[in-house]
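One structure below.
Values in this document were obtained by computation on a predicted structure and should not be read as measured data. What's counted below: heavy atoms across the whole structure, side chains too, no hydrogens, waters or symmetry copies. Sequential numbering from 1 along the given sequence is applied to the chain's residues.
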Amino acid sequence: MTVVKTSLRNFLAHKGRMALSAVAVLLSVAFVCGTLVFTDTMNTTFDKLFAATASDVTVFPKNATDPDELPENGKPESLPADTLESTRKVDGVRRAEGGVTSMSVTVVDKANKNMGSSTGAPTIAGNWTKNDSRVMDISSGRVPHRAGEVMVDADTADKHHLKIGDELRTIALPGDFTAKITGIASFKVTNPGAAVVYFDTATAQRQLLGETGRYTQVNVTADKGVEDAALKAKVASALGGEFKVQTQKENADASREGIGQFLDVMKYAMLGFAGIALLVGIFLIINTFSMLVAQRTREIGLMRALGSSRKQVNRSVLVEAMMLGVLGSVLGVGAGVGLAVGLMKLMSSMGMELSTRDLTVAWTTPVVGVTLGVLVTVLAAYLPARRAGKISPMAALSEVGMPASTRSSWIRAVIGLVLSGAGGAALVAAGQADEAKPGSGYLGLGVLLTLVGFVVIAPLLAAGVVRVLSVVVLRVFGPVGRMAERNALRNPRRTGATGSALMIGLALVACLSVVGSSMVASATDELDKSVGADFIIQGSSQGITPKAQESLGKAKYLDHITEYKSLPATLTLPGGKTEKEDLTGADRTYAEDLRRETLSGELAEAYAPGSMSVGEEFATRNHLKVGDTLGVDFKEGDSTKLKIAAITSDDSSLDKGAMYLSLDTARKHITPDRMPPNNMMFAAAVDGKEKEAYKSIKASLAPYPQYKVQNQADFKEDLKDQVGQLLNIVYGLLGLAIIVAILGVVNTLALSVVERTREIGLMRAIGLSRRQLRRMIRLESVVIALFGALVGLGLGMGWGATAQKLLALEGLKTLEIPWPTIVGVFIGSAFVGLFAALVPAFRAGRMNVLNAIATD
């Protein structure tokens with residue numbers, strides 16, 4: 001009990017000094033808990049939606065795609081109307097309805113503005129059934145009764161200011177059609193952002209499926225007392241096993257599976273960044289307790305002289321750490337819930353609606369948050385606590401604390417150098433790897449070992465790097481700069497730990513900057529060398545519809561237009577082995593639009609009747625050569641045999657591994673109604689008419705806002721923007737770790753000022769002005785921040801350069817160092833140091849000289 005009382009007294013006596021460490025724990029725990037609450041809430045939202053929309057039993061076509069996938073031929077699989085009649089006759093069925101649902105649509109208003117979500121949520125079109133009334137209420141107007149009528153969901157209507165009587169155009173694979181809004185329906189559960197439109201059944205069948213008398217599913221409602229599983233068995237038996245029959249739970253689970261994978265990736269990525277912030281926080285906590293122990297050397301020595309054991313002193317410091325961990329963690333859990341609500345609001349503003357009614361705080365979330373926060377804090381405080389336990393009673397008679405162990409410093413340096421050397425060797429092995437998979441393993445090991453190694457030898461690095469930086473940055477400030485240098489070098493272990501916190505975040509920033517810039521530069525170089533097409537027309541998720549393709553064909557000043565399709569097929573190798581692959585069906589002109597190097601044969605011959613090409617890796621793996629014959633069973637068509645006319649090199653990032661065949665060949669085996677739409681299309685302008693052709697293509701596809709028309713310059717800029725947006729998100733997440741690192745610098749300086757109170761008083765007494773004192777502390781902060789930045793950026797560029805070597809195996813061969821970003825971050829670190837020193841410098845300047853000199 002005495003230990004607890006002592007710990008509580010010390011904790012309250014130094015509460016100001018503990019505050020920043022508590023904030024570091026709070027931020028890290030908040031990010032962990034916020035991530036868990038946010039993803040749990042999204043899971044709850046989708047679970048409620050999928051459970052509500054699924055009927056007791058649903059009958060699908062046997063080859064129906066998963067709920068989160070679009071059909072390969074652009075049209076949903078369907079079943080005949082007599083399936084509905086057969087289902088209605090099954091014993092235990094209270095009601096059976098034929099449903100039509102398609103996500104291969106785009107809906108635009110009169111101004112040609114896309115009504116779909118900007119977050120990637122689908123646009124869903126179908127017919128209105130009683131099953132839909134389980135999740136939606138008609139808030140105004142009525143359901144569509146005939147062609148030319150449509151009902152929209154209330155969220156979409158509100159977002160795009162739609163009202164009854166407005167006209168919408170729906171773009172589907174069978175064709176475009178217009179309809180006026182007759183009703184608006186509101187979701188009873190949260191709609192995560194999908195745009196939903198309803199038509200009468202005949203219109204939905206004709207315009208979405210291309211023929212009447214077909215349904216995409218049959219929704220079955222069970223009689224009272226009939227279990228879903230039992231009804232499923234009866235329906236499956238009655239239909240003869242020709243269809244896919246699912247219970248409500250199975251249907252909801254299938255729908256949840258796709259979104260669940262996305263949510264898991266997002267959750268673990270965010271938790272990874274939270275882990276980085278926790279790692280950075282460890283340095284802050286270690287520094288805080290190390291300095292507090294050093295400042296209380298005489299006090300701890302007196303406690304030992306009065307009979308306290310080493311274990312009691314050790315336990316006292318750990319109890320203080322536990323108090324800090326509990327306080328920071330509890331506040332962090334609350335802040336995490338607030339962060340999750342903030343993320344939900346942010347997502348809602350971007351188009352993904354998430355209601356706070358579905359806010360889900362599982363009991364495991366606060367348990368994980370508090371356990372993690374306390375555990376990390378206590379572990380971080382263990383070394384300082386152990387050091388405190390070693391303080392002898394004689395330290396109470398000494399004016400200064402116990403000197404650092406030279407032996408332990410040497411051991412630490414040797415361990416750090418060994419780890420860094422091993423990590424460097426692993427990075428070299430990764431850079432020399434012939435295959436990406438083993439190379440990635442070496443890269444991960446190298447990053448881990450070099451990171452740990454540099455953290456361990458940080459005091460050794462600090463002693464050298466700070467001296468070099470001081471010559472450039474501090475010496476120009478005369479005696480004040482020299483004093484700042486000596487202060488930074490006074491305790492290399494403390495400076496190393498403070499700089500390491502900043503090093504981790506900036507190393508990751510530098511690494512990702514190098515990787516991102518190299519990807520853009522490599523793709524740009526590849527584009528310049530390989531792409532001969534002047535224009536690229538990228539389709540939406542539904543592909544390029546025949547109507548849009550017809551409109552494109554009317555564009556002027558074009559030399560040729562190339563179609564490009566993905567054709568799923570099963571290949572039978574000469575030995576009888578089968579493999580599923582996506583073949584690339586294209587016009588002959590594609591050989592001009594994308595110049596591919598061949599290892600053997602001529603690519604132009606692959607577009608001849610009965611021929612195809614294969615990629616280098618596929619050919620090597622299966623011991624294939626030009627002239628061999630493959631059996632090809634098209635998923636959307638029949639079977640044939642094609643001769644290998646060319647083997648393309650995999651030394652490319654564009655269409656790597658693609659297997660080409662002519663669309664004329666594909667059309668002989670796939671009927672027009674089963675032929676997939678074009679994924680994208682290419683076009684080449686007549687010589688000297690590039691600008692006119694560009695304008696003409698833009699004008700021809702203006703009625704179809706879902707398609708993107710780009711020349712090569714547009715494509716490069718778009719690629720750069722996409723990588724830039726991804727990096728900005730990552731930088732934003734890493735910003736938490738950098739904020740915690742800044743708090744570490746602030747805390748180190750603040751405690752250092754307290755530690756040097758008497759020294760500061762003496763310097764003031766012999767003539768150091770307040771302005772000079774503040775400048776000294778600011779310069780000390782700047783050099784510590786620059787030390788962390790220099791080491792971190794150097795380490796990160798090494799990681800990034802090694803990662804680029806692995807990307808080169810995938811065709812991304814250009815190493816690009818983003819020097820403006822690197823230099824900007826380095827200079828920004830100096831401003832971070834200045835900012836971190838504001839409060840400590842201000843407090844030091846306000847010290848009373850006599851009181852400071854009298855301090856023990």
Side-chain angles (χ1 to χ4, degrees), residues 30-55 58 66-69 101 103 115-126 131-137 139 152-160 184-198 246-271 274 333 336-366 368-369 541 729:
F31 204 31
V32 171
C33 293
T35 298
L36 295 175
V37 171
F38 178 66
T39 51
D40 286 347
T41 299
M42 288 191 72
N43 277 319
T44 299
T45 298
F46 284 105
D47 286 351
K48 285 184 177 179
L49 178 65
F50 296 146
T53 53
S55 55
T58 310
D66 291 334
D68 61 316
E69 294 180 3
T101 304
M103 292 191 293
M115 298 291 99
S117 169
S118 59
T119 61
T123 297
I124 304 172
N131 188 66
D132 294 292
S133 64
R134 296 170 54 182
V135 291
M136 300 190 82
D137 283 327
S139 50
V152 300
D153 70 280
D155 294 334
T156 300
D158 290 342
K159 192 183 305 178
H160 298 285
I184 296 175
S186 301
F187 275 90
K188 297 178 183 178
V189 294
T190 302
N191 170 24
V196 185
V197 293
Y198 293 102
Q246 293 180 330
T247 62
Q248 183 186 55
K249 184 178 183 306
E250 290 170 340
N251 192 352
D253 288 345
S255 298
R256 189 183 302 114
E257 186 175 348
I259 193 69
Q261 291 174 353
F262 164 74
L263 291 177
D264 283 346
V265 169
M266 183 173 66
K267 178 172 76 173
Y268 292 123
M270 292 177 69
L271 288 176
V333 170
V337 176
L339 177 63
V341 172
L343 286 172
M344 291 166 62
K345 297 293 184 185
L346 176 63
M347 295 300 289
S348 294
S349 69
M350 295 171 59
M352 178 176 280
E353 302 295 333
L354 294 172
S355 173
T356 51
R357 296 193 306 270
D358 296 326
L359 187 67
T360 305
V361 184
W363 67 268
T364 52
T365 297
V368 167
S541 56
I729 292 172

*For the side chain to side chain donor-acceptor pair (under 3.5 Å) test, which of Thr44, Thr39, Asp40 pairs with Thr360?*
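Going through the options one by one, the only one that passes is Thr44.
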
*Out of Asn43, Asp358, Thr53, which residue meets the side chain to side chain donor-acceptor pair (under 3.5 Å) rule with Lys48?*
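The residue from Asn43, Asp358, Thr53 that satisfies side chain to side chain donor-acceptor pair (under 3.5 Å) with Lys48 turns out to be Asp358.
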
Please answer whether the main-chain N or O of [Y] pairs with a side-chain N or O of [X] as donor and acceptor at a distance below 3.5 Å.
X	Y	value
Asp137	Ser139	no
Thr247	Glu250	yes
Asn191	Ala194	yes
Gln248	Ala54	yes

Any side-chain heavy-atom pair from [X] and [Y] closer than 4.5 angstrom?
X	Y	value
Ile124	Thr101	yes
Met270	Phe31	yes
Thr156	Val196	no
Val337	Leu359	yes
Asp153	Met136	yes

So, taking the atom named [atom1] in [X] and the one named [atom2] in [Y], what distance separates them when rounded to the nearest 0.5 Å?
X	Y	atom1	atom2	result
Lys345	Leu343	NZ	CG	12.5 Å
Lys267	Phe38	NZ	CZ	12.5 Å
Met344	Thr356	CE	OG1	5.5 Å
Leu36	Leu271	CG	CG	5.5 Å

*side chain to side chain contact (heavy atoms under 4.5 Å, CB included) assessment of Lys159 paired with Met115*: CA-CA 9 Å; Lys159 192 183 305 178; Met115 298 291 99; over 6 Å; no

Closest approach of [X] and [Y], non-hydrogen atoms and distance?
X	Y	result
Val135	Ala52	CG1-CB, 3.0 Å
Ala340	Gly34	CB-O, 3.7 Å
His160	Gly116	NE2-O, 4.4 Å
Ile184	Ala154	CG2-CA, 3.6 Å
Ser55	Asn131	CB-OD1, 3.4 Å
Leu339	Ala30	CD2-O, 3.7 Å

*Begin from the C-alpha positions of Asn251 and Thr58 and carry the test side-chain hydrogen bond (donor to acceptor under 3.5 Å, both in side chains) through to its verdict.*
CA-CA 8 Å; Asn251 192 352; Thr58 310; 3.3 Å; yes

*asked:* Let's go through Lys249 and Asp253 carefully: what are the C-alpha distance in whole Å and the side-chain angles of both, what is the deciding distance for salt bridge (charged side-chain N to carboxylate O under 4.0 Å, His left out) to 0.1 Å, and is it a yes or a no?
replied: CA-CA 6 Å; Lys249 184 178 183 306; Asp253 288 345; 2.9 Å; yes

